[in-house]
Amino acid sequence: MGLKQQLKSYRLQKGWTQKMLAEKLNVSDKTISSWETGRSYPDIALLLQLSELFQISLDEFLRGDTPTIKRIDRDLKVKKVYQRILITLVVAMVGLLIFFNVYQYRNQWVDRFNPFLALTTGYATLPAKVTYNGGNQYQKSTAKLQVPDPYTDIWVVDSPFGAGTRLSFQGGQAPPNKHYVLIQHKGLYVKRLSFIPWTSIPANYRAIMAEKYRRLPAATNEPVHH
């Protein structure tokens, strides 16, 4: 006798309607009907509840219905695979969360792809002139083309309240009378910048910025306050 016949037989022996059995299992009566017609079958948890309600062993309940047993076994294996995949994904997500949290503001490439950092806009004062090739202004004729050194440890004011970030970035020589920069960054990653004059900086930012560039002391692990 198959599972669907067993269900109906034991239910009738108890004198229960499909609705009565459904209420005991917290499912719909349509679900019971679906089981008894073979359109679907209960999962292992509900099978255990049914065996308790009918006061028979699970082995006796499923005996003789090899196809259903195989389907249940296959579904359990698939469920275990999905559970392992889900656990792996959760562990990976937690690992990424910890990684991004620990290494934010330490590496521009990490910050670039850190989903927990927001894109920030700030303003900075730049030195009037940049140096080239590590400060070597004069090169032999065979030397490589002179390349501007990056702006290093530039204090970028991200808030009119004075919060900011030390940033290093490439930009080349600023145009005359535009020794200030409007910059968009995500942590240490600089997305874009634009050279601007002093008057283009909002007044509430100018009030806390230095009009002339001042070199900051060497960067430390401690936060810097302007």
Side-chain angles (χ1 to χ4, degrees), residues 83-139 143-198 200-226:
Q83 286 177 337
R84 288 173 184 170
I85 293 174
L86 181 60
I87 291 172
T88 301
L89 288 174
V90 170
V91 170
M93 288 299 295
V94 171
L96 279 175
L97 176 61
I98 294 173
F99 175 80
F100 282 128
N101 183 61
V102 170
Y103 288 98
Q104 65 182 0
Y105 286 93
R106 294 190 182 185
N107 183 285
Q108 62 171 320
W109 290 103
V110 173
D111 288 350
R112 180 175 185 173
F113 300 103
N114 190 335
F116 306 105
L117 286 178
L119 190 65
T120 304
T121 300
Y123 299 88
T125 304
L126 300 177
K129 290 186 178 181
V130 298
T131 56
Y132 290 81
N133 302 302
N136 299 318
Q137 295 287 348
Y138 301 100
Q139 301 268 318
K144 293 181 180 180
L145 183 67
Q146 290 184 325
V147 178
D149 292 340
Y151 292 102
T152 305
D153 277 346
I154 301 297
W155 181 249
V156 178
V157 181
D158 298 326
S159 160
F161 297 101
T165 311
R166 285 179 183 262
L167 294 177
S168 298
F169 50 88
Q170 294 283 355
Q173 177 64 58
N177 302 318
K178 288 188 176 181
H179 303 307
Y180 309 93
V181 67
L182 167 64
I183 193 165
Q184 276 190 322
H185 68 97
K186 187 179 177 186
L188 297 183
Y189 166 66
V190 175
K191 184 175 183 180
R192 61 171 62 92
L193 60 85
S194 177
F195 296 112
I196 58 174
W198 177 253
S200 293
I201 301 173
N204 52 351
Y205 280 84
R206 290 202 305 266
I208 57 175
M209 290 174 60
E211 188 169 357
K212 290 186 178 182
Y213 174 74
R214 292 185 300 180
R215 184 172 183 142
L216 291 173
T220 67
N221 292 328
E222 296 300 320
V224 175
H225 302 283
H226 189 76

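The structure presented is a predicted model; accordingly, all values stated were derived computationally and were not measured. Side-chain atoms are counted along with the backbone in the values below, which use heavy atoms only and exclude waters and symmetry mates.
Checking D111 against H185 by side-chain atom types alone, no donor-acceptor pair falls below 3.5 Å.
To the nearest 0.5 Å, atoms CE (M93) and OG1 (T88) are separated by 13.5 Å. With rounding to the nearest 0.5 Å, the separation of CD1 in I201 from OH in Y180 is 6.5 Å.
Considering only heavy atoms from C-beta on, K129 comes within 4.5 Å of Q173 through its side chain. P202 places a side-chain heavy atom less than 4.5 Å from the side chain of Y123. The closest side-chain heavy-atom distance from I208 to F161 is not below 4.5 Å.
Take F100 and apply the ring-ring contact (aromatic ring centres under 6.0 Å, His included) test, not counting sequence neighbours, and it matches no residue.
For T125 against M209, the heavy-atom pair with the smallest separation is OG1-CE, 3.6 Å. When all heavy atoms are compared, the tightest approach of Y213 to T152 is OH-O, 4.4 Å. Of all heavy-atom pairs between A174 and H179, the closest is CB-ND1, 3.9 Å.
More than 12 heavy atoms of other shown residues, nucleotides or ligands fall within 6.0 angstrom of atom CG in N107.
Classified by interplanar angle (parallel below 30°, tilted 30° to 60°, perpendicular above 60°), the ring pair F99/Y103 is tilted.
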